[in-house]
Amino acid sequence: MRHLLSIADLTRDDVERVLDGARGLDGTEPQPVLRGRLVLNVFYESSTRTSSSFDLAARRLGATTMTLKESGSSADKGESLKDTVQTLSAYGPSVLVMRHPQAGAPAFAARHTDAHVVNAGDGKHQHPTQALLDLYTMRSALGRLEGLHVAIVGDVLHSRVARSLVQALGLVGAQATLIGPPALLPRGIEALGCETSTEIAAIGDADVVYVLRMQRERMLAGASYVPSLREYTARWGITPERLRPGQKVMHPGPINRGVELDARVADGSASLVLEQVRAGLLVRMSVLQELAVGAARLQEVA
Amino acid sequence: MLACRNGYHDSLTVEGRLAGGRCVTVTVEDGTIVRIEPGGSGRYVLAPAFVDPHVHLRAPGREDEETIGSGTAAAAAGGYCAILAMPNTDPVVDSAPVLRGLVETARREAVVPVGFMAAISRSLGGDELTEMGELADAGAAAFTDDGRPVVSAGLLRRALQYGAVTGRPLALHCEEPTLSRDAHVHEGAVSAELGLTGYPSVAESSMVERDLALAAYEGRPLHLMHLSARESVDALRRAREAGVEATGEVTPHHLVLTDDAVRSLDPNTKMNPPLRAADDRAALVDALRDGTIGCVATDHAPHSREEKDVPFEAAPFGVTGLETAFAALHTHLVEPGLISLETLLERMSGGPARAFGLPVPEVKVGARANLVVVDLEAEWTVTEAGFHSRSANSWLLGERLRGAVVQTVADGRLVYG
């Protein structure tokens, strides 16, 4: 892999390699394969878990890291993304991790740098490392991916997580159903190879219920994707009563407790939320290794 | 109504094969066709020159992107003998002094004759009519708020009514803004996959239906700009059959591309209205063939390199088109047999001229010489360096095309070749 920009660019082999790499890192002291290398985290959008997870992953592998947040950077002074990327590239980073509010920004950056670029979330488009860590979590908890049925519930329209995950599930032979209010299910999304439903009862068949964050701004005047948060929670909120025994629940965070996810579920035994966070570190280490060192080099080191 | 650089008129001869197959030599004296004789080289096709009813010349205000001089040089290279410029400049062409200033500049700079459209509403604000009578007297070729729809049905009705005074057509950009808010691309499988806010077809077609209903009620003519959706074409066809005096235009990019091209996230695939689905494209080609849509319009929209060298979502809408329109449509519509060469030549020339009441270019004795000579065999690659336009935001960069303009005669002068 040269870059990790979209799940759509990956093959099943790529996915398996990253997941196997993450498993190999689980419970072991990692090799400092990135010693002497620079990993730049450039975040044009707020993030806690993704930026800390990338930072920690890079440090664990021995890299020097630097994290830039939009506020206080040259972007505030009107510098173009092209100039920012070229400027940062002059430090000779091995990997550039980028989160940006606009779809395609990491791909744009990849055209203006020699570094490997990792998309850490671009607009409503893609969040590939989230999808990979979700697959890792599902495989660890349920023992398989092939044939799994995952119900993705909530604001699909604005979710890069949902788009990446549907594609990733498709790659590994799992099935996805998207469930939510009609205006939050994007028209034409079935072309990605998933089913859609506006009925919460459609989670019934799923092995995993994957809950998306419901953002308050979606209810603002002029948007009206749903009439109110209260109505959203009543119809699509995930409560213990709506779950079947044995179903697992996942959420990319941050959770709006009591809105899309009942606190009893978030803290209950069905929840894999903290496993997702732990998987995030392992999978991001695996991705950084894969990109910066490459499969061949990895074998030599081993 | 059309303004151009003053100067001598050429005396020249132009040879070529007319669309009917006859080889002729046309003699032009003092800018007028005086003789058409049989014989001469049949290597190239000779036809009435093109008319583009939809060009953004960016003057005044953004002369870094285009000027009247550079835009009309691009038009000459594209085979055009007349173009109409949009009023969404800075300042907006909404008063006679601004319009007169442009006409003055065109008399110094314009390589081919330019007509300037004036705004329907002051500052394109959509609230009050411009002084359309005075603007028409000052030479406004037509009226449009292009770039924006006339949201108020009441204001559009008043503009239609006042058309009886100005005698000039209204050209409308049809978009229901509450359905296209924050949108970047056609709403469909591609927008769903890319996570880009969708601009549904109904945002255009619902406004087309409303505008046609008003035109029918007032019994006034109407021109619909840059149609993109199948439903809009259906509405136009029905209205014309019902006797509404409505005309329509379509751009080369909507005739050739679909939203599939947006998967590249290349900012040169971002335009308003957006590239739509395959069935929309097919409906546009059908409508161009059967004459429901009588005009090809480039919607030539130059943007600076730095404005387009950004991620897709940050990029402005619009692409250039004057210098590639014929070659693109010859390559992608005529060669695959989707429309005939004769139809394409008519929709690029007589169709738009009639829709806007401009002189219809003709190859006939006594007519002003407005001629284009095209080489259908020539193959060329579209490159940034090849443009006369100051901007290079073409959706065809790097593409190989078949068919090239060899010579353009506009208002009796050899302006290209």
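To find a chain, count down the sequence lines: A is the first, B the second, and so on, and within it residues start at 1.
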Discussion item. With a 3.5 Å distance limit and no angle check, can you tell me whether Gln102(A) reaches the backbone of Pro311(B) through a side-chain donor-acceptor pair?
Written reply: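 No; zero donor-acceptor contacts below 3.5 Å.
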Worksheet entry | Arg163(A) side chain to Ala192(B) backbone, donor-acceptor under 3.5 Å |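 A pair under 3.5 Å: yes.
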Discussion item. Is there a side chain to side chain contact (heavy atoms under 4.5 Å, CB included) between Glu193(B) and Gln167(A)? Walk through the geometry before answering.
Written reply: CA-CA 9 Å; Glu193(B) 178 185 332; Gln167(A) 289 178 334; 3.8 Å; yes
Using a cut-off of 6.0 Å, state whether more than 12 heavy atoms not belonging to [X] lie near its atom [atom1].
X         : atom1 : result
Arg187(A) : CZ    : no
Arg235(A) : CZ    : no
Glu195(A) : CD    : no

Discussion item. Counting only non-hydrogen atoms closer than 4.5 Å, does Thr197(B) touch chain A with its backbone (N, CA, C, O), its side chain (CB onward), both, or neither?
Written reply: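 For Thr197(B), backbone and side chain are both near chain A.
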Fill in: chain B contact via Ile189(A) - side chain, backbone, both or neither, heavy atoms under 4.5 Å
both
Discussion item. Under 4.5 Å from any heavy atom of chain B, what part of Pro101(A) do you find: side chain, backbone, both or neither?
Written reply: backbone
Worksheet item: Please walk me through it: do Leu265(B) and His125(A) pass side chain to side chain contact (heavy atoms under 4.5 Å, CB included)?
Response: CA-CA 11 Å; Leu265(B) 289 174; His125(A) 179 215; 4.3 Å; yes
Item to complete: Given side chain to side chain contact (heavy atoms under 4.5 Å, CB included), test Phe108(A) with Asp309(B) step by step and report yes or no.
Response: CA-CA 9 Å; Phe108(A) 175 86; Asp309(B) 196 8; 3.4 Å; yes
Worksheet, complete the sentence: Taken to the nearest 0.5 Å, the spacing of Glu313(B) CD from Lys124(A) NZ works out to 5.5 Å
